[in-house]
Amino acid sequence: MATRCMSLRTSTKTLLQHFESRTAFHRMRSVHSHSLVCPVSGPRQFCNAYSGTLRGIVSVPDPNLHQAASLALDNRVPATVLTGFLGSGKTTLLNHILKSQHGKRIAVIENEFGEVDIDGSLVASHSSASEEIIMVNNGCLCCTVRGDLVKMLLELVKKKRDKFDHIVIETTGLAKPAPVIETFCSDELVSQHVKLDGVVTLVDCKHAMKHLNEVKPRFVVNEAVEQVAYADRIILNKIDLVTESELNILIKKIKHINGMAQIKQAKFGSVDMDFVLGVGGYDLERIESEVPGECPSPSSHQDDSGHEHKGHHDHHHDHVHDSSVSSVSIVAEGTLDLDEVDDWLERVIEEKGEDLYRMKGVLSVDGSDQRYVLQGVQSMLDGCPGKTWEPNEKRINKLVFIGRNLDETALRKGFSGCLVLH
Ligand SMILES: Nc1nc2c(ncn2[C@@H]2O[C@H](COP(=O)(O)OP(=O)(O)OP(=O)(O)O)[C@@H](O)[C@H]2O)c(=O)[nH]1
């Protein structure tokens with residue numbers, strides 16, 4: 001049975017220990033009492049949210065509870081977070097989801113600013129009666145009503161678990177996705193019953209560029225950028241309102257921010273349901289198909305500041321700090337010293353703090369015939385051994401980082417430092 005860790009990165013050698021101890025959960029816990037390990041097929045117990053400067057593994061779950069949980073198959077209910085700027089088409093997509101024939105019973109959590117639940121009535125009037133629609137009013141899920149989200153998720157799974165198969169959470173257009181995502185990891189009870197399936201971001205093709213380019217005061221988050229950065233799936237909606245060249249410029253911009261998410265174009269949120277539901281964006285088992293095999297912008301590209309990078313396939317040019325949110329993809333052949341990777345990623349997380357949004361990777365580890373897959377959200381890391389390399393297969397490492405002020409040169413250097421030279 002493979003093991004998995006989900007941890008705040010403080011102690012060293014964690015990845016290595018998880019890799020080496022993948023068949024020995026109990027041994028693992030005693031060897032590395034700070035780690036949080038659970039079987040790959042069982043429910044993730046919880047992980048720890050970053051809290052200020054406190055960086056440590058907070059607790060180890062009760063072994064009995066953990067064992068019981070690991071025995072049960074993962075029957076947690078999947079949850080999709082629907083995000084996107086004001087008016088981008090979230091409610092339109094939600095109605096599409098509720099009316100489509102996907103065979104899933106959907107519970108909806110709506111988050112509406114203001115006292116009148118307009119979106120709720122819009123959704124309710126369009127959908128069949130079987131869906132459960134819960135409103136969270138007067139606040140934004142990402143801040144004031146995050147506790148309400150926890151309460152609602154728990155109420156849903158405890159009292160009505162047999163009535164639905166999937167939860168869709170529509171956030172307000174001004175919501176920051178990170179705190180909502182963290183709710184699924186940092187709340188122990190929620191993570192026992194609900195698993196985050198994916199973050200689906202709606203982009204209003206007509207107005208997105210303006211919002212993405214908006215310069216905010218220092219320390220003020222550009223929500224539109226963050227919503228794109230955290231997405232597992234991006235729907236470029238309202239394509240009927242833009243020209244092809246406008247659309248292409250927008251796509252380039254979005255891929256620069258998030259080189260990992262799959263993108264689809266749509267009118268009135270009309271996309272296949274398997275693009276939205278059952279994404280598995282946080283499943284280590286599916287990481288490999290999610291990590292792109294190439295750098296997202298192989299040709300020369302222009303960033304927000306308008307300065308051009310004479311890029312080429314492997315981006316080996318000197319890249320100064322990009323002050324915006326962007327993604328850096330590393331695709332390179334070779335084998336890595338997992339111990340070094342562990343130290344390096346720990347340093348990256350320490351240094352970047354909350355500026356590191358998302359990370360996914362498939363690594364070739366020295367001395368092992370299995371891939372090592374990992375993913376992270378901010379300071380949380382989750383990793384485990386994956387599929388076996390074929391005997392003659394090229395061992396290509398793929399790593400994608402999405403965040404603010406990413407120093408591509410430093411990331412590439414850090415990665416190279418972990419390669420084993422034979
Ligand atoms: N032309 C056009 N209009 C669209 C499209 N998708 C949605 N709309 C319209 O855009 C408006 C806003 O759509 P909503 O689905 O309410 O957007 P929302 O993201 O839920 O809006 P907020 O809840 O205010 O953030 C509605 O009038 C929709 O009918 C599209 O693809 N093309």
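Indexing begins at 1, ligand by ligand and atom by atom, following the structure's order. Numbering of residues begins at 1 and proceeds along the displayed sequence.
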- Just by distance, with hydrogens left out, do N213 and K253 show a side-chain donor and acceptor under 3.5 Å apart?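 Looking only at side-chain atoms, K253 and N213 do form a donor-acceptor pair, the distance falling under 3.5 Å.
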
- For the residue pair S327 and H256, confirm or rule out a side-chain donor-acceptor distance under 3.5 Å. no

- Message: With a cutoff of 4.0 Å, is G87 in contact with ligand 1, counting heavy atoms of the residue only?
- Response: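 Yes, G87 has a heavy atom closer than 4.0 Å to ligand 1.
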
- Answer yes or no for G269: is there a heavy-atom contact with ligand 1 below 4.0 Å?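 Contact check G269 vs ligand 1: negative.
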
- Task: Could you tell me whether T91 approaches ligand 1 through its side chain, its backbone, both or neither, with non-hydrogen atoms closer than 4.0 Å?
- Result: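 Near ligand 1, T91 shows its backbone as well as its side chain.
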
- Between L241 and ligand 1, which part of the residue brings a heavy atom under 4.0 Å of the ligand: side chain, backbone, both or neither? side chain

- Can you find an N or O of G89 that's nearer than 3.5 Å to an N or O of ligand 1?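 Checking ligand 1 against G89, an N or O pair does fall under 3.5 Å apart.
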
- Query: Can you check whether G281's main-chain N or O pairs, donor with acceptor, with K360's side chain at less than 3.5 Å?
  - Reply: yes

Provide the number and element of each atom of ligand 1 under 4.0 Å from a heavy atom of [X].
| X | answer |
| --- | --- |
| K90 | 15 (O), 17 (O), 18 (P), 19 (O), 20 (O), 22 (P), 25 (O) |
| L86 | 25 (O) |
| E170 | 20 (O) |
| K267 | 31 (O) |
| T92 | 7 (C), 13 (O), 14 (P), 15 (O), 28 (C) |
| D240 | 1 (N), 2 (C), 30 (C), 31 (O), 32 (N) |

- Query: Going by an N to O cut-off under 4.0 Å, is there a salt bridge joining D232 and R358?
  - Reply: yes

- Task: Determine, for E408 against R412, whether the closest basic-nitrogen to carboxylate-oxygen distance falls under 4.0 angstrom.
- Result: yes

- Query: Between I239 and C205, what is the shortest heavy-atom contact and its length?
  - Reply: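 Of all heavy-atom pairs spanning I239 and C205, the closest is CG2-SG, 3.9 Å.
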
- Query: Who pairs with Y230 by side-chain hydrogen bond (donor to acceptor under 3.5 Å, both in side chains), at least two apart in sequence or on another chain?
  - Reply: Q378

- Query: Take atom CD in E393; do more than 12 heavy atoms of anything else shown fall under 6.0 Å from it?
  - Reply: yes

